[in-house]
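So the structure is just underneath, and the comments pick up after that.
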Amino acid sequence: MSGPGPGSVGRAVPRVGVLALQGDTREHLAALAEAGAESVPVRRPAELAAVDALVIPGGESTTMSHLLRVFELREPLRERLAAGMPAYGSCAGMILLAGEILDAGAAGRAAEPLGAIDITVRRNAFGRQVDSFEGDIDFAGLDSPMHAVFIRAPWVERVGDGVEVLARAAGHPVAVRQGNVIATAFHPEMTGDRRVHRLFVDLL
Ligand code: GLN
């Protein structure tokens, strides 16, 4: 028997896409499945059209921006996001979901913002001090700290009205949420802690 199930997507198990142009797609596919979603890779506009929500993985935002254009996904993705598709981005994914990117990269190869969440991010912000680091951080709504892995990570320099800061590191927001869009500067897909993915799937 079909019919509307729980959640806004009208499906009992939400179908969540993971952008699969570059980056740690497989880790997100596995994390989403463990968090209770059907997870599918997205490389083509038709695949994007078939998902209820999208994760943009960690990787390299300049390369992903380039490939979004090559695969003719950029405009359809912008349209879905503007229409309110739920989205979660980790690291490079946070950069792409942002409204504005500082240190976006060389002209012609720069990371281009998709404007899904009203934040300004600085690319490779921590990398000026140290390339990669990990640590336990407090995360709003969770009863114990989360182990967070940062790899050439961005931080958030400005949050707009309506953006909730969920976690900070070195004084900067590193996890944010605006409505059904979540972004983290770190990589929960790499640690086995599924609480961020569950938070996202539970929104759907
Ligand atoms: N520095 C990368 C970028 O600019 C992000 C790194 C990551 O996703 N681990 O896209």
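Order of appearance sets the numbers: ligands from 1, and atoms from 1 within every ligand. Numbers here are sequence positions counted from 1.
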Practice task
Please check if any side-chain donor atom of R195 sits under 3.5 Å from a side-chain acceptor atom of S144, or the reverse.
Solution key: yes

Problem - Heavy-atom nearest neighbour in the protein, as seen from atom 7 (C) of ligand 1, with distance rounded to 0.1 Å - result: C91 SG, 2.7 Å

Practice task
Could you tell me whether R69 and E112 make a salt bridge, using a distance below 4.0 angstrom between a side-chain N and a carboxylate O?
Solution key: yes

Practice task
Could you tell me whether the side chains of H28 and S90 share a donor-acceptor contact shorter than 3.5 Å?
Solution key: yes

Practice task
With side-chain contact (heavy atoms from CB on, under 4.5 Å) as the test, would you mind laying out the steps for V149 and F186 before giving the verdict?
Solution key: CA-CA 5 Å; V149 176; F186 53 93; 5.5 Å; no

Exercise for the section: Indicate, with yes or no, if the rings of H197 and Y88 have centres closer together than 6.0 Å. Expected result: yes

Exercise for the section: Could you tell me the residue and atom name of the protein heavy atom closest to atom 3 (C) of ligand 1, and the distance to it rounded to 0.1 Å? Expected result: S61 OG, 3.3 Å

Handout entry: Nearest-neighbour protein heavy atom for atom 4 (O) of ligand 1, which is reported as residue plus atom name and distance
Key = R123 NE, 2.7 Å

Handout entry: Where ligand 1 meets G59 - atom numbers and elements under 4.0 angstrom, heavy-atom basis
Key = 2 (C), 5 (C), 6 (C), 7 (C), 8 (O), 10 (O)

Completion exercise
Atoms of ligand 1 under 4.0 Å from any heavy atom of G58, numbered from 1 in the order shown, are 8 (O)

Fill in the blank from the handout: Counting from 1 in the order shown, the ligand 1 atoms closer than 4.0 Å to a non-hydrogen atom of I95 are 3 (C), 4 (O), 10 (O)

Practice task
Please indicate whether any nitrogen or oxygen in I151 is less than 3.5 Å from any nitrogen or oxygen in ligand 1.
Solution key: yes

Exercise for the section: Could you pull out, from R122, E60, H187, the option with a heavy atom nearest to atom 2 (C) of ligand 1? Expected result: E60

Practice task
Report, as yes or no, whether the 6.0 Å neighbourhood of atom CD on E72 holds more than 12 heavy atoms from other residues, nucleotides or ligands.
Solution key: no

Practice task
Heavy-atom contacts with N124 under 4.0 Å: which atoms of ligand 1 show up? List them by number with element.
Solution key: 1 (N), 2 (C), 4 (O)

Exercise for the section: Return yes if a side-chain donor-acceptor contact under 3.5 Å exists between H172 and E157, otherwise no. Expected result: no

